[in-house]
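As structure tokens, the structure follows; a few thoughts come after it.
The residues of the chain are indexed from 1 along the displayed sequence.
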Amino acid sequence: MKEELVMKKANMLLAALCAVGMTASLFGCSSGQAQGGDTQPQASAAPAADAASAPQREQIVVGFSNWSRSFEFYVDLEKGMQEVADAQGVKLITQDPNGDLAAQTKQVEDFITQGVDGIVLCPIDSNAAVTEAETINQAGIPLVTTDIAVAGGDAASHIASDNTLGGQLAAQFIGEQLGGTGKVALINNPTITSLIERETGFTDTMAQKYPDIEIVAVQSGESKREKGLSVMENILQSNPDVQGVFAVNDMMGLGALQAVQAAQRDDIVIVGFDATEEAVKYIKEGSALKASVAQNPVELGKTTMETMLKVIAGEQVEKNIPVPVELVTAGNA
């Protein structure tokens with residue numbers, strides 16, 4: 001009976017996809033309230049094994065555990081997913097763990113208990129989320145990750161911005177601004193795969209193209225603005241002659257900007273990542289925050305949802321689907 005239901009849903013979805021003829025390209029990390037779903041995690045009512053006994057239904061249901069709606073980026077990503085879900089008549093259940101791994105784990109357990117047809121996960125911690133991924137796999141529910149990959153388990157596909165390219169663009173901008181020589185710092189977050197990719201793109205490009213630029217400090221800002229502030233204060237104390245900073249997301253970059261402004265060091269070149277509204281404002285004003293790598297979170301959300309629906313329908317999808325990024329400066333902001 002379960003198999004018949006799955007086949008029926010797959011046929012329905014394939015027909016819907018053909019009828020609509022979706023044209024969105026598959027190759028296209030603030031606060032706000034996104035569309036759809038609950039804002040608080042729900043308690044798990046039963047173990048994973050009970051998923052098979054969930055009530056049968058004909059509507060496709062997808063569970064999505066986001067990272068945190070306190071970030072403008074994730075609000076927009078969720079909007080993109082909801083847009084596709086609405087267009088396809090799919091029920092999207094969204095949950096916001098607000099950066100809390102334990103809350104996200106409960107949300108995953110609840111999705112399994114409800115017997116959803118697919119789960120989209122934006123892992124709080126790439127390594128710690130391996131258990132979540134394995135639990136989803138054991139329940140026989142398709143898993144797709146978005147923005148942040150999980151370090152284990154089996155995800156049918158991972159959709160993310162081209163983070164390595166973003167790091168390369170940041171390195172090239174700082175390298176050119178410094179004339180190929182000087183000292184720079186890196187504010188990172190080594191617990192999240194997408195941010196590690198940005199760091200790798202940056203450091204590799206610096207080593208290959210700008211050998212006379214020295215990376216004098218690498219510290220984690222934990223993706224928090226206040227931590228980015230304190231980290232930058234430490235960097236300025238230990239390396240007062242630092243000339244450039246790459247922060248792997250705008251939250252930390254804006255914190256670094258506060259520290260630089262307080263120290264009256266507007267000569268430092270700061271590059272962030274995400275091109276949030278606030279970051280772009282400071283770029284336009286000519287502050288020390290000179291650039292930020294722009295993602296397209298709405299497109300990322302759309303591509304994620306389209307890919308999830310294809311997986312549910314039994315279609316073959318790419319294991320990794322990159323979405324292009326671009327550098328925002330005062331010249332194109």
Side-chain angles (χ1 to χ4, degrees), residues 29 73 161-189 194-221 223 225 228-296 324-333:
C29 167
F73 174 87
S161 299
D162 193 336
N163 291 292
T164 301
L165 173 60
Q168 293 169 350
L169 294 174
Q172 290 170 8
F173 181 83
I174 292 178
E176 292 171 1
Q177 292 292 306
L178 299 187
T181 183
K183 297 181 178 181
V184 301
L186 175 64
I187 303 178
N188 68 356
N189 185 340
S194 59
L195 306 191
I196 295 172
E197 291 169 0
R198 298 171 191 178
E199 177 181 353
T200 300
F202 180 82
T203 55
D204 286 353
T205 301
M206 277 297 179
Q208 295 166 8
K209 293 189 174 183
Y210 306 99
D212 293 329
I213 293 181
E214 180 185 3
I215 300 177
V216 296
V218 178
Q219 294 190 37
S220 174
S223 293
R225 186 170 185 154
L229 168 61
S230 64
V231 163
M232 192 65 217
E233 289 173 340
N234 294 336
I235 291 173
L236 288 171
Q237 289 178 359
S238 58
N239 298 278
D241 54 350
V242 68
Q243 297 164 279
V245 178
F246 175 46
V248 297
N249 69 23
D250 277 347
M251 292 297 281
M252 297 184 290
L254 290 167
L257 177 62
Q258 287 181 262
V260 166
Q261 290 176 328
Q264 297 183 335
R265 286 292 310 277
D266 286 340
D267 59 302
I268 294 176
V269 176
I270 302 174
V271 176
F273 205 114
D274 289 333
T276 61
E277 184 177 349
E278 183 178 6
V280 172
K281 178 178 76 72
Y282 281 111
I283 291 171
K284 289 180 177 180
E285 291 175 356
S287 73
L289 181 59
K290 300 298 184 184
S292 183
V293 180
Q295 304 185 77
N296 189 339
V325 298
E326 63 179 327
L327 190 70
V328 174
T329 67
N332 64 8

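- For the residue pair Gly221 and Val231, the shortest heavy atom distance occurs at CA-CG2, 4.3 Å.
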Practice prompt. Report the C-alpha separation of Asp267 and Gln243 in whole Å, then their side-chain angles, then the decisive distance to 0.1 Å, and conclude whether the side chain to side chain donor-acceptor pair (under 3.5 Å) test is met.
Written response: CA-CA 7 Å; Asp267 59 302; Gln243 297 164 279; over 6 Å; no
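- Of the candidates Thr276, Val293, Val271, Val280, Asp250 forms a side-chain contact (heavy atoms from CB on, under 4.5 Å) with just one, namely Thr276.
- We find the CD1-CG distance between Ile283 and Leu289 to be 4.5 Å, quoted to the nearest 0.5 Å.
- In this structure, the side chains of Val260 and Val245 stay at 4.5 Å or more apart for every pair of heavy atoms.
- With hydrogens and angles left out, the side-chain atoms of Gln261 and Asp266 include no donor and acceptor closer than 3.5 Å.
- Thr205 approaches Gly201 most closely through the heavy-atom pair OG1-O, 2.7 Å.
- Salt-bridge check for Glu285 with Lys281: passed, with a basic side-chain N closer than 4.0 Å to an acidic carboxylate O.
- The two residues Asn239 and Ala217 come nearest to each other via the heavy atoms ND2-CB, 4.1 Å.
- At a cut-off of 3.5 Å, with distance as the only test, a side-chain donor of Asn249 or Ser223 sits close to an acceptor on the other residue.
- Side-chain contact between Leu186 and Glu199 is present, with heavy atoms from C-beta onward closer than 4.5 Å.
- Here the side chains of Phe202 and Arg198 are not in contact, with every heavy-atom distance at 4.5 Å or above.
- A pairwise comparison of heavy atoms in Val248 and Asn188 identifies CG2-CA, 3.7 Å as the closest pair.
- Not one N or O on the side chain of Ser161 forms a donor-acceptor pair closer than 3.5 Å with the backbone of Val325.
- Taking CE of Met252 as the start and CD of Gln219 as the end, the distance is 12.0 Å to the nearest 0.5 Å.
- Here the straight-line distance linking atom CE of Met206 with atom CG of Asp212 works out to 11.5 Å at 0.5 Å rounding.
- Taking CZ of Phe73 as the reference point, atom CD of Gln295 lies at 4.0 Å (rounded to 0.5 Å).
- Nearest heavy-atom pair, Phe273 versus Ser292, reported as atom, atom and distance to 0.1 Å: N-OG, 3.3 Å.
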Pairs under 3.5 angstrom only: tabulate donor-acceptor contacts from the side chains of residues 326-333 to other protein residues two or more places apart or in another chain.
from   : atom 1 : to     : atom 2 : distance (Å)
Thr329 : OG1    : Gly331 : N      : 3.2
Asn332 : OD1    : Thr329 : N      : 2.8
Asn332 : ND2    : Leu327 : O      : 2.9

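- Taking the side chain as every heavy atom from C-beta outward, Val184 and Phe246 never approach each other to under 4.5 Å.
- Atom CD in Glu278 sits 8.5 Å away from atom CG in Leu257 (nearest 0.5 Å).
- The shortest distance between side-chain heavy atoms of Gln258 and Met232 does not fall below 4.5 Å.
- Considering only heavy atoms from C-beta on, Asn163 stays 4.5 Å or farther from Leu165 through its side chain.
- Taking every heavy atom of both residues into account, Gln172 and Tyr210 meet most closely at O-OH, 3.5 Å.
- The side-chain heavy atoms of Val242 and Leu236, taken from C-beta on, include a pair separated by under 4.5 Å.
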